[in-house]
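Have a look at the structure below before the remarks.
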Amino acid sequence: MGTRRGSILSCILTTSILTTGILTAATTVADASTGPPAIQQLASQQTALLLSRYSEGQTASPTVCSEGQSAHGTQGVFLLPTLSFNPGDVRFTCRLHTQRVLVDLGGYVVTEDASGSTWTTVDGYDLTFSRDNLEQICDDVLRLLPAPAPAIIDNHPITGIQVATAPITSRIRPSAGALWQDSVNLGHPGTLAASFCGWKAELRLPPGPHHITVDLTDIAGGQTHLTYDIDVMPTR
């Protein structure tokens, strides 16, 4: 993912795409989540995990597979760590007790802030990064992501689904730096509204070892590969 302040987190787009908003009455452009509802829900949960474990300067969040969820995953799906901000190559070792995993294939987390900065949609609407506008901003941002990041599992290509989610409220750590300050400026320290827009893939893995690599270099702005060495334990 990427992040942007004013702003977007996954690849931070710089004025704050970690936000959402909707237009009022006569000037509205309908906002709508994108993608199958089940994938939208998983994407929202993965976004909440990313933000709740994020500290300023991290390349990926969480920093290890075992942080923030059990080996059984979330509702039976293990949410793999995602790109947060800085470019770089990161390798994860994951020992799982579920055969289903959610892989991030590039995207942005749009968060709310109090700066008054705006996002101009393709239709010419200027939207502030308020909670009400995040979903509509995210729908518009999808045009910047016409294809998923290149990814392979066990030497086979991974295809993804384009997703945009309704805003969620996520916890934010004081160590999250500017994101924490945004939560303070908005009057609710420690929480921020956020929407995800990008690409996801839900995979079902048979028991045994697996190797996933996602090339996020284009979205991160520098060489960035997230590699997951996964060992799926046999069911009993």
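Only a predicted model underlies this, so the values are computations on that prediction, with no experimental measurement involved. Side chains are part of it too, since the values below use all heavy atoms of this structure and drop only hydrogens, waters and symmetry mates.
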N/O donor-acceptor pair under 3.5 Å between [X] side chain and [Y] backbone:
{"X": "Asp104", "Y": "Lys200", "result": "no"}
{"X": "Gln45", "Y": "Leu79", "result": "no"}
{"X": "Asp154", "Y": "His210", "result": "no"}
{"X": "Asp140", "Y": "Val122", "result": "yes"}
{"X": "Ser52", "Y": "Arg171", "result": "no"}
{"X": "Thr169", "Y": "Leu192", "result": "no"}
{"X": "Tyr228", "Y": "Pro81", "result": "yes"}
{"X": "Glu202", "Y": "Leu102", "result": "no"}
{"X": "Ser55", "Y": "Ala176", "result": "no"}
{"X": "Gln162", "Y": "Leu145", "result": "yes"}

>> With clusters defined by side-chain heavy atoms of hydrophobic residues (ILVMFWY) lying less than 4.5 Å apart, directly or transitively, does Val90 cluster with Ile158?
In response: yes
> Do the side chains of Val184 and Tyr54 join up, straight or via other hydrophobic residues, at under 4.5 Å, putting them in one cluster?
Replying inline: yes
For the student: nearest non-hydrogen atoms of [X] and [Y], plus distance:
{"X": "Ile172", "Y": "Thr191", "result": "CG1-C, 4.2 Å"}
{"X": "Ala164", "Y": "Leu142", "result": "CB-CD1, 3.8 Å"}
{"X": "Gln69", "Y": "Thr74", "result": "OE1-OG1, 3.4 Å"}
{"X": "Ala60", "Y": "Phe92", "result": "CB-CZ, 3.6 Å"}
{"X": "Thr128", "Y": "Gly116", "result": "CG2-O, 4.1 Å"}
{"X": "Val232", "Y": "Pro206", "result": "CB-O, 3.8 Å"}

> So Leu80 and Ile230, side-chain contact (heavy atoms from CB on, under 4.5 Å) or not? Walk me through it.
Replying inline: CA-CA 10 Å; Leu80 293 172; Ile230 298 172; 4.2 Å; yes
Could you give the distance from [atom1] ([X]) to [atom2] ([Y]), rounded to the nearest 0.5 Å?
{"X": "Leu49", "Y": "Ser170", "atom1": "CG", "atom2": "OG", "answer": "8.5 Å"}
{"X": "Ile39", "Y": "Ile161", "atom1": "CD1", "atom2": "CD1", "answer": "5.0 Å"}
{"X": "Leu50", "Y": "Thr82", "atom1": "CG", "atom2": "OG1", "answer": "3.5 Å"}
{"X": "Arg95", "Y": "Asp231", "atom1": "CZ", "atom2": "CG", "answer": "6.0 Å"}
{"X": "Leu42", "Y": "Phe78", "atom1": "CG", "atom2": "CZ", "answer": "13.0 Å"}
{"X": "Asp89", "Y": "Thr224", "atom1": "CG", "atom2": "OG1", "answer": "6.5 Å"}

>> Can you confirm whether Arg204 is buried at CZ, in the sense that more than 12 heavy atoms of other residues, nucleotides or ligands lie under 6.0 Å from that atom?
In response: no
Counting C-beta onward and ignoring hydrogens, is there a side-chain heavy-atom pair between [X] and [Y] closer than 4.5 Å?
{"X": "Ser175", "Y": "Trp180", "value": "no"}
{"X": "Ser195", "Y": "Thr165", "value": "yes"}
{"X": "Thr118", "Y": "Leu127", "value": "no"}
{"X": "Pro87", "Y": "Gln223", "value": "no"}
{"X": "Gln99", "Y": "Pro207", "value": "yes"}

> Can Asp123 and Thr121 be said to form a side chain to side chain donor-acceptor pair (under 3.5 Å), step by step?
Replying inline: CA-CA 5 Å; Asp123 299 313; Thr121 69; 4.7 Å; no
> Does the pair Arg53 and Ser84 meet the rule for a side chain to side chain donor-acceptor pair (under 3.5 Å), with working shown?
Replying inline: CA-CA 10 Å; Arg53 301 292 166 171; Ser84 53; over 6 Å; no
>> Does Ile152 form a side-chain contact (heavy atoms from CB on, under 4.5 Å) with Ile212? I'd like the steps, not just the answer.
In response: CA-CA 6 Å; Ile152 58 171; Ile212 295 174; over 6 Å; no
>> Evaluate Ile168 against Leu51 for side-chain contact (heavy atoms from CB on, under 4.5 Å), listing each step before the verdict.
In response: CA-CA 11 Å; Ile168 57 163; Leu51 290 172; 5.6 Å; no
> Between the side chains of Asn185 and Gln181, is a donor N or O closer than 3.5 angstrom to an acceptor N or O?
Replying inline: yes
